[in-house]
Amino acid sequence: MPHISSHFDSGNIVVNDVSAGTARLSIRPDNASEHMQWFHFRVSAARGEKMTYILDNANKASYPDAWENYRVRVSHDREHWTCVDTAFDGTQLSWKHTADHDIIWFAYFAPYSEERHLDGLALAQQHPGVRIDCLTQTLDGADLDRIVVGNPDGPKVWAIARQHPGESMAEWCAEGLVDRLLDDADPVARWLLAHTQWHIVPNCNPDGSRRGNLRTNAAGANLNREWVNPTAERCPEVKAILAAMDISGVDMCLDIHGDEAIPYTFVAGAEGVPRWNDAMQAQLEVFQKALVHASPDFQTTHGYPKDAPGEANLTMATNQVAERFGAFSVTLEMPFKDHDDLPDADMAFSPERAKRLGGALLDAVRALVTS
Ligand SMILES: [Zn+2]
């Protein structure tokens, strides 16, 4: 009989019943909030058995409409994650799969592990000029890491990823950004390190990531609603990042996320902040045009509705940073589904594509600096 478990980094599943041919499962809500959509589990002893997997509580997820046209990811080597045809009947999410290995893994999106995060830091600090500091300790005792590199006299570019821990593509994107920025053979990277200083927080929510949460930290805080007067008790992560921003100053900020529902990559600006002006609008247009040019995995037709003037929610990072610093500030959203302008039938939107998009961000930032 197949055996299903999730007792590992970013694991999330509740096993309701496993019988011959069928596994009835539920997504476990975030540890201290009602949010849920992320899942990540392994199946042992399933080789050769045609199984039907059913997520019984899919309709109770944070974004139930987002299951339409979604496809679950499966891997047998934990490196490559391919799509499995998935059905949502309004209540349950289900898919059929026959394992060709003894152990397979399913996830909402290709996971980004704590070990990979640590390996990434270790690799980055081999580059001369890179400094890494710990902005704070999280409530679970994890380190909140910041990578700093570039010219301290240049404009300050912040990139913060994965405030929402279930949006693992955000950290894949941050990895791609860092990889390219530290590539000494890349002229755009060399130029940027000579002319700008970068502050990169590749994972803003390590506690939620490890716990297999979708949207909140260990205290149940949605970090991207905590950017007005963040407290050490509820969200030390945001408090520490904002304090570090106050020290460095911010000229540009990229807040990197994933969106459950929309099958496109896009950015959301800070149009609703009180100080929004023509110069900020022009910067947004320069950035978007440059990113469209740099990557067909980005577009500007589909996205969120713009906030009306003066109606921005300042508890969100992008709006708070734009208003507080007068900075260029955007939220980058990548899909859990696919980028429908350039679909990939086997992989959908993938870690590799998120990394390439992270690299392409450098072209857009350079366009902004030179505009
Ligand atoms: Zn998000």
Side-chain angles (χ1 to χ4, degrees), residues 10 12 27 29-40 61-67 70 107-112 117 144 158-177 200-228 230 235 237-238 241-242 253-270 272 298 302-307 312-322 329-337 339 349 351 353-354 357-358 361:
S10 82
N12 180 322
I27 303 172
D30 288 8
N31 67 291
S33 95
E34 298 291 300
H35 275 295
M36 61 174 175
Q37 196 125 6
W38 173 261
F39 57 88
H40 178 198
S62 296
Y63 308 97
D65 294 344
W67 296 123
Y70 165 75
Y108 185 33
F109 191 86
Y112 194 102
H117 171 86
L144 189 73
W158 276 77
I160 62 174
R162 212 176 177 185
Q163 290 197 77
H164 296 140
E167 296 162 10
S168 54
M169 63 285 282
E171 193 163 5
W172 287 109
C173 181
E175 180 182 310
L177 190 161
I200 300 157
V201 183
N203 187 351
C204 297
N205 197 336
D207 293 355
S209 301
R210 176 191 267 258
R211 286 169 175 268
N213 286 357
L214 174 74
R215 209 158 163 79
T216 60
N217 72 355
N222 174 350
L223 298 186
N224 203 27
R225 298 294 183 278
E226 297 284 344
W227 285 72
V228 172
C235 51
E237 304 91 344
V238 176
I241 295 168
L242 197 50
C253 184
L254 311 171
D255 181 20
I256 305 173
H257 288 253
D259 183 273
E260 288 81 357
I262 299 175
Y264 294 97
T265 297
F266 58 95
V267 293
F298 181 76
H302 306 273
Y304 298 146
K306 291 186 184 72
D307 287 331
N313 179 349
L314 295 176
T315 68
M316 297 171 71
T318 289
N319 293 329
Q320 178 63 223
V321 169
S329 183
V330 288
T331 310
L332 174 69
E333 297 282 355
M334 288 166 284
F336 281 85
K337 297 175 180 174
H339 178 68
F349 197 73
R353 291 169 76 183
L357 188 69
L361 291 171

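Whatever order the structure lists them in is the order used to number ligands and atoms, beginning at 1.
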Going by the angle between their ring planes, with limits at 30° and 60°, are Y108 and F39 parallel, tilted or perpendicular? tilted

Taking every non-hydrogen atom, the tightest pair across W172 and A110: NE1-O, 3.2 Å

Under 3.5 Å: donor-acceptor pair, side chain of H339, backbone of T265: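 Answer holds: yes.
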
Main chain of Q163, side chain of N205: is a donor-acceptor contact present, judged purely on distance under 3.5 Å?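 At least one qualifying donor-acceptor pair exists.
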
Donor-acceptor side-chain pairing of H35 and T216 below 3.5 angstrom: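 There is no such pair (donor and acceptor under 3.5 Å, judged by atom type) between the side chains of H35 and T216.
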
Please determine, by modelled atom types, if S209 and S10 share a side-chain donor-acceptor pair under 3.5 angstrom.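 Checked: S209/S10 side chains show no N/O donor-acceptor pair below 3.5 Å.
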
Quick one: name the protein N/O/S atoms under 2.8 Å from the Zn ion (ligand 1), chain by chain. H164 ND1, E167 OE1, E167 OE2, H257 ND1

